[in-house]
Amino acid sequence: MSELITAELVDLDLSAETKSEAARSLAERMVSAGRVTDLDGFLADVAAREAQMPTGLDGGIGIPHCRSEHVAAPTLAFGRSRRGIDFGAADGPADLVFLIAAPAGADDDHLTILSSLARRLMDPGFTDALRAEADPAVAAALVRGEEAPATAPEPAEAATEKTATAERTAAKPFRIVAVTSCPTGIAHTYMAAESLEAAARAQGVVLDVETQGSAGFERLDPAVIAAADAVIWAHDVDVREKGRFGGKPVVDTGVKAGISRPAELIAEARAKAERGEISGIAEDGAGPAEGTGGPSGPSGHFGVRLRTYLMSGVSYMVPFVAAGGLLIALSFAIGGYEIAGAKSVADHFVWGESASWAALLNQIGTAAFGFLVPVLAGYIAYGMADRPALVPGFVGGAIALTIDAGFLGGLVAGLLAGAAVMAIQRVKVHPTLRGIMPVLVIPLLASIAVGFLMFIVVGKPIASLQNALTDWLNGLSGSNAVILGVVLGLMMCFDMGGPLNKVAYAFAVGGLADPTPGSLKVMAAVMAAGMVPPLAMALATTLRRSLFTRTERENGRAAWVLGASFITEGAIPFAAADPLRVIPSVMAGGAVTGALSMAFGCTLRAPHGGVFVVPLIGEPFLYVLAIAVGTAVSTALVVVLKGMRRTPGSGAPADDGPAVAVAA
């Protein structure tokens, strides 16, 4: 910890009133200490992390944190506020603020130290000492762990209850194993673990926690899992190797619940164990024990689970799309569109000939694209039923290509494979067979089931639907094309990188696997609309500087490059700070751009690249015009809406007013 915090990184009289101001004030100390290289770039990363999930914790604690390429060394800054700052905690504002900065490639040792701080924040003696300390150097030493404050004594009633609980459970203590994880893996993962452990001690429960965070992933001993009476998953990212916990009651919730209400989770685990509610995932992915329910997957209603499964497949598919699509696009740039019909370079490659190099790039890219549908199907199945579902998922995706069911076939194949594996996992098997279930029996039986369904039952109807969709896209003209462009533009700009944006993008890139004039138009409209939000924010901050904070104006300069590169997320800080004005404005501009792109008949063979792939765009001048018009519409709307009503925190201070970070 000695490298992470010093007296100069401590502010015992933090005057900030908002979390963005607090982040800026503490980050400025990091810049002065040489720990952060780009203040506004780092604050943008902090804001993006904050937008994922509030970082306020019960007990008056705020822990804004992120990984950032603008961090030179792992750093911690501490601020103490008299009036309190709202970080989104249920019990009110935070007076203790810890800004944690980790480099993009932080090593495990430093992250382990940060995780130890996260655990100590759950100790009331530690936080009370920080509230009472008047010397920054001593406060820094406390944070470093050089002085361990005594834990506040328990009330007599609590001690009596704990003793009684321990006596009740002395004969056979209730045992729980838990897994905690969060998207960043720096703080919430370990705070949830500490909170659960503290609650378990108070109730006389034996609890072992596996923290699947960035500081390492040390698996629980299988014997410990086997001896457990129940399981708690407090996670915001998928639990790894779920099959280890099969055949036991599972409480599945978010990581914040593990921090804020651990006693309730333990009580729920007890209740499930008493009722005999067993998860449907058996040990090592085999069939569950008698009396099991359905497989344990993402919590929430069916729509939420389905979206999670589909997004799992899309997230693994996108790298294949990006690599393959850009290679194909580059081959066209070098050798022209006719290069797609070139003979195999394995037999006809000539050094020094651009046509040979173009053909080589085209054939490598085409090979990468050949994995698109199988990877999509395989990882949809993986998201549903873990590793045993990979084989039937890939097999189903390959069959979808064989029968010309395309992208839609891959979606269906992935869902069928996951469902087949989940069904097989429900079957009770003898313990001696469990070892071969996930590596032999489940993949074999599920592949047979998926193959039969895809070849014999659903494959042909899906292929017919795919062909009908392809014919419809190819025949799009006039008002039909414009309407589709409007819908795609709205989806791309509504959540700027969120689920709707990804659905529209996945629809577009799926058409590139077997490109047609219609699918190329869709790809063009999707990329054009996705460029509008950051470009509009960049233009607005240039034309009407007084409507934006200094930080937003500086982020506006970066947004020019992000928008030109088709990185829609460049507008997220603006939308997070003022969603009611920014989001409708960029949606309107995106809809206009999508409609114009379709009306102009623009096409695109590359899945990404922005202005850098303009030479690969059909009707490039009209394409640029569509983007310019949509950007102008969004800019005009956001300027008008911000000018009509200026509210605190809406991104409309005076030009020389205090700068705040980009947002909550």
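Please read these numbers as outputs of a predicted model, since none were measured by experiment.
Counting only heavy atoms from C-beta outward, the side chains of V421 and M384 never approach each other to under 4.5 Å. Y379 is listed as a side-chain neighbour of L390, based on a closest heavy-atom distance under 4.5 Å. Proximity of T568 to M531: side-chain heavy atoms (C-beta onward) are nowhere separated by under 4.5 Å. R35 has its side chain out of reach of F42: every pair of non-hydrogen atoms, C-beta onward, lies at least 4.5 Å apart. Annotation: side chain of V586 is not in contact with side chain of F574 (no heavy-atom distance under 4.5 Å).
Between the CE atom in M422 and the CD1 atom in I442 there is a gap of 12.0 Å [rounded to 0.5 Å]. Note that CZ of F452 is 12.0 Å distant from CG of L416, once rounded to the nearest 0.5 Å. Taken from CG in L43 to CG in L39, the straight-line distance is 4.5 Å, to the nearest 0.5 Å. Distance check: L440 CG to L444 CG gives 6.0 Å after rounding to the nearest 0.5 Å. Remark: I462 CD1 to I403 CD1 distance equals 6.5 Å, nearest 0.5 Å. Within the model, atoms CZ of R67 and CD1 of I100 stand 11.5 Å from one another, a figure rounded to the nearest 0.5 Å.
Shortest non-hydrogen contact noted between V450 and A420 is CG2-CB, 4.5 Å. Closest non-hydrogen pair, A381 versus G393, comes out as CB-CA, 4.0 Å. Taking all atoms of both residues into account, the shortest heavy-atom contact from V486 to A595 is CG2-CB, 3.7 Å. For the pair I424 and A446, the tightest heavy-atom approach, listed with the atom from each and the gap, is CD1-N, 3.7 Å. Residue I399 comes nearest to G451 through the heavy atom pair CD1-CA, 3.6 Å, listed as atom of the first residue, atom of the second, then distance. Considering every non-hydrogen atom in both V373 and A400, the closest pair reads CG1-CB, 4.1 Å.
Looking only at distances, no side-chain donor or acceptor of Y382 sits under 3.5 Å from a matching main-chain atom of A389. A donor-acceptor contact shorter than 3.5 Å is absent between the side chain of R387 and the backbone of P438. No donor-acceptor pair under 3.5 Å is formed between the side chain of S597 and the backbone N or O of T593. Remark: side-chain polar atoms of Y623 are paired, donor with acceptor, to backbone N or O of A524 under 3.5 angstrom. Looking at T37, its side chain does come within 3.5 Å of a backbone N or O of H70 through a donor-acceptor pair. Counting only distance, with no hydrogens or angles, the side chain of T75 and the backbone of V71 share no donor-acceptor pair below 3.5 Å. One N or O on the side chain of S634 and one on the backbone of G589 form a donor-acceptor pair closer than 3.5 Å.
In this structure L622 satisfies the side-chain contact (heavy atoms from CB on, under 4.5 Å) test together with F600, C602, E619, L625, sequence neighbours excluded. In this structure, the side-chain contact (heavy atoms from CB on, under 4.5 Å) partners of L520, at least two apart in sequence or on a different chain, are L512, P515, T603, R605.
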- Going through the distances and angles, do L539 and W560 end up as a side chain to side chain contact (heavy atoms under 4.5 Å, CB included)? CA-CA 8 Å; L539 183 58; W560 285 114; 3.9 Å; yes
